[in-house]
Amino acid sequence: MFIGVVGAPNKGKSTFFAAATLFDAKIAPFPFTTIEPNHGTAYVRAECPHVSLGRKCNPKNSACIDGVRLIPTELVDVAGLVPDAHEGRGLGLKFLDDLRAADALIQVVDASGKTDAEGKEAVGFDPAEEVRFLEKELVHWIAGIIKRGMAKARGRGIDEIATILSGLKVSPKQTEDAAARNKLPIDKIHWSDEEIFSFAKTIREISKPIAIAANKIDVDGAKQNYERMRELFPDRIVVPACAEAELALRRAAEKGLVKYVPGDKDFEVLGGDDKQKAALEKIRKIIRENGGTGVQELINRTAFDLLQLIPVYPVEDEKNYSNHFGQVLPDAYLLRRGSTACDLAAKIHTDLSHNFICGIDARTHMRIGKEHVLKPNDIVKIVSGR
């Protein structure tokens, strides 16, 4: 899974990214701090099956802390986008090309309204405008890609459009679905600019879903703006966030000053001087008022709600829930809801899917076929031929 962290300049994108990944991204209170994209690893939080099994796990491709399995996913923080970027303003649409492979986006907005659409200091700016203009720029970007390939596609079938969009991780089925939703002909493409734009809007919704981080929620006026955004965008995930608090907590945990698992609703202070403890108590107040810092919740909701992913655990020894080294629940994978046992096999190695014989549900010890649909936290052994 690949998540893009996007938004206008000076909204806290790089702080959000650093908090989610503990990557030392450049962080500064002025526009265009990030020019080249930063890549890092964040983690999706899920309950580890070892808790219900009563067995100690030995994670390899992930981590487990106090029964919480942290499954890695890729995050990228890209340059800030300003209104009319598609016309060349700011850094133009350069940053969007860094998001071609993104499965979903987290848009960081300044919920306090103290920075405008271009990242400059402001008073009472409406953060809903940030949401609207990002949508507009994304649609212009996708429409531009389609228009550039239209000379080849015109007069041909929808397969040509699917080829144009394949670089955006848009499947042929998604392409056909978007055309059907807009009642566009797919046998011979002669779409107008208006039809292309409408089609591009649907493609954005299908292929680049967006969750909104209402950042700086601890600043005056932010909570009112957050509630308003929830009303204005009822079909979007909008989460109150304080990226600075999350970053401070994760750095404190690294230094052994607190015990904190990303996404926890509280933390335990283990050390620090009076000044550090006072700062931590301020963070505790933010967490209690908002149900967390919002950073981990956004990553989780992007994975589980927007992308409909589920955690699945492949094993080689179904009786002991282990690999051939005896490591219990060593690996965790995130698969799309509706994925099959054969899809899991392909995720592990293509040869396993090509030579798939059956799967074995480790909990029930029942054989399952290649079309068997997996459930969250399934533990499965894949049996394949040579």
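Applying the side-chain hydrogen bond (donor to acceptor under 3.5 Å, both in side chains) criterion to His365, with sequence neighbours excluded, gives no partner residue. Arg55 is linked by a salt bridge (charged side-chain N to carboxylate O under 4.0 Å, His left out) to nothing, counting only residues two or more places apart in sequence or in another chain.
One finds the OG atom of Ser339 at 13.5 Å from the NZ atom of Lys375 (value rounded to the nearest 0.5 Å). The CG atom of Leu329 sits 10.0 Å away from the CG atom of Asn323 when rounded to the nearest 0.5 Å. A distance of 13.0 Å separates CD1 in Ile164 from CD1 in Ile142, rounded to the nearest 0.5 Å. Separating the OH atom in Tyr313 from the CG atom in Asp331 is a distance of 10.5 Å, to the nearest 0.5 Å. Of the inter-residue distances, the one linking Ile196 atom CD1 with Met150 atom CE reads 3.5 Å to the nearest 0.5 angstrom. One finds the OG atom of Ser353 at 8.0 Å from the NZ atom of Lys370 (value rounded to the nearest 0.5 Å).
Across all non-hydrogen atoms, the minimal contact from Ala19 to Ala243 is CB-O, 3.7 Å. Taking every heavy atom of both residues into account, Lys188 and Gly155 meet most closely at CG-O, 3.7 Å. Contact record, Tyr321 with Pro330: O-CD, 4.4 Å, taken as the closest heavy-atom pair. Minimum heavy-atom separation, Ala214 to Val238: CB-CG1, 4.4 Å. Contact detail for Gly272 and Leu257: the closest heavy-atom pair is N-CD2, 3.6 Å. Between Ala8 and Lys13, the shortest heavy-atom contact is O-CE, 3.8 Å.
Side chain of Glu135 to backbone of Arg132: no donor-acceptor contact under 3.5 angstrom is found. Side-chain atoms of Asn300 come within 3.5 Å of backbone N or O of Arg45 as a donor-acceptor pair. Between the Lys381 side chain and the Asp317 main chain, no donor and acceptor come within less than 3.5 Å of each other. Side chain of Trp191 to main chain of Pro185: a donor-acceptor pair is present (N/O by atom type, distance under 3.5 Å, no hydrogens or angles). For Arg69 (side chain) and Ala46 (main-chain N/O), no donor-acceptor pair under 3.5 Å exists by modelled atom type. Between the Lys265 side chain and the Gly291 main chain, a donor and an acceptor come within less than 3.5 Å of each other. With Thr302 contributing its side chain and Leu298 its backbone, the two residues share a donor-acceptor pair below 3.5 Å. For Thr175 (side chain) and Ser171 (main-chain N/O), a donor-acceptor pair under 3.5 Å exists by modelled atom type. Asn320 places no side-chain N or O within donor-acceptor distance of the main-chain N or O of Gly326, the cut-off being under 3.5 Å. In terms of modelled atom types and a separation under 3.5 Å, the side chain of Lys169 and the main chain of Ser207 share no donor-acceptor contact.
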Going through the checks in order, is the side-chain contact (heavy atoms from CB on, under 4.5 Å) test met by Lys208 and Leu138? CA-CA 9 Å; Lys208 299 288 184 281; Leu138 287 168; 5.6 Å; no
Test log, rule side-chain contact (heavy atoms from CB on, under 4.5 Å), inputs Leu165 and Gln174: CA-CA 10 Å; Leu165 294 175; Gln174 288 175 323; over 6 Å; no
Could you go through Phe16 and Asn215, starting from their C-alpha distance and side-chain angles, then the distance that decides it, and tell me whether this counts as side-chain contact (heavy atoms from CB on, under 4.5 Å)? CA-CA 9 Å; Phe16 183 99; Asn215 197 31; 5.6 Å; no
Evaluate the salt bridge (Lys or Arg N to Asp or Glu O under 4.0 Å) criterion for residues Lys347 and Asp343: first the C-alpha distance (whole Å), next the side-chain angles of each, then the deciding distance (0.1 Å), finally the verdict. CA-CA 6 Å; Lys347 185 82 171 180; Asp343 292 328; over 6 Å; no
Show, in sequence, the C-alpha distance, side-chain angles and deciding distance for Arg204 and Ile210, and conclude whether the side-chain contact (heavy atoms from CB on, under 4.5 Å) test is met. CA-CA 9 Å; Arg204 199 290 302 160; Ile210 303 170; 3.6 Å; yes
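In this structure, Tyr333 is a member of the same hydrophobic cluster as Ile310, with clusters built from ILVMFWY side-chain heavy atoms closer than 4.5 Å. Val139 and Trp141 fall into different hydrophobic clusters, where Ile, Leu, Val, Met, Phe, Trp and Tyr side chains are chained together by heavy-atom contacts under 4.5 Å. Leu374 and Ile71 are not part of a single hydrophobic cluster, where members link through side-chain heavy atoms under 4.5 Å apart. Both Val5 and Val239 are assigned to one and the same hydrophobic cluster, defined by single-linkage of ILVMFWY side chains at heavy-atom distances under 4.5 Å. By the rule that hydrophobic residues join a cluster once side-chain heavy atoms approach within less than 4.5 Å of another member, Ile360 and Val380 end up as members of separate clusters.
Put simply, the residue from Arg250, Glu254, Glu246 that forms a side chain to side chain donor-acceptor pair (under 3.5 Å) with Tyr260 is Glu246. Between Pro209 and the choices Ile237, Leu307, Leu105, Asp305, the side-chain contact (heavy atoms from CB on, under 4.5 Å) rule is met once, by Leu307. The only option from Asp77, Val108, Leu247 that meets the side-chain contact (heavy atoms from CB on, under 4.5 Å) definition with Ser14 turns out to be Asp77.
By the 4.5 Å heavy-atom criterion applied to side chains, Asn377 and Arg363 are counted as neighbours. Between Glu47 and Val68, every side-chain heavy-atom pair lies at or beyond the 4.5 Å cut-off. For the pair Ile146/Phe199, a side-chain contact is recorded, criterion being any heavy-atom separation below 4.5 Å from C-beta on. Val44 has its side chain out of reach of Leu309: every pair of non-hydrogen atoms, C-beta onward, lies at least 4.5 Å apart. For the pair Lys259/Asp66, a side-chain contact is recorded, criterion being any heavy-atom separation below 4.5 Å from C-beta on. Taking 4.5 Å as the limit, some side-chain heavy atom of Val6 sits within range of a side-chain heavy atom of Gln107. Under the 4.5 Å side-chain criterion, counting only non-hydrogen atoms from C-beta, Ser62 is in contact with Pro72. Contact of the Val269 side chain with the Lys277 side chain is registered, since non-hydrogen atoms from C-beta on lie closer than 4.5 Å.
Atom NZ of Lys255 sits in a sparse spot, with 12 or fewer heavy atoms from other residues, nucleotides or ligands closer than 6.0 Å. When the shell of 6.0 Å around CD of Glu244 is examined, it contains 12 or fewer heavy atoms from other residues, nucleotides or ligands. Residue-environment remark: CG (Asp273) exceeds the threshold of 12 foreign heavy atoms within 6.0 Å.
Inspection of the Thr115 and Asp110 side chains reveals an N or O donor paired with an N or O acceptor under 3.5 Å.
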Under 3.5 Å, which donor-acceptor pairs do the side chains of residues 279-289 form with other protein atoms, sequence neighbours left out?
residue : atom : partner : partner atom : Å
Glu281  : OE1  : Arg284  : NE           : 3.1
Glu281  : OE2  : Arg284  : NE           : 3.3
Glu281  : OE2  : Arg284  : NH2          : 3.1
Arg284  : NH1  : Asp266  : OD1          : 2.5
Arg284  : NH1  : Phe267  : O            : 2.9
Arg288  : NH2  : Asp266  : OD2          : 3.3
Glu289  : OE1  : Lys223  : NZ           : 3.2

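A salt bridge links Glu227 and Arg230; the closest N-O separation between the charged side-chain nitrogens and carboxylate oxygens is under 4.0 Å.
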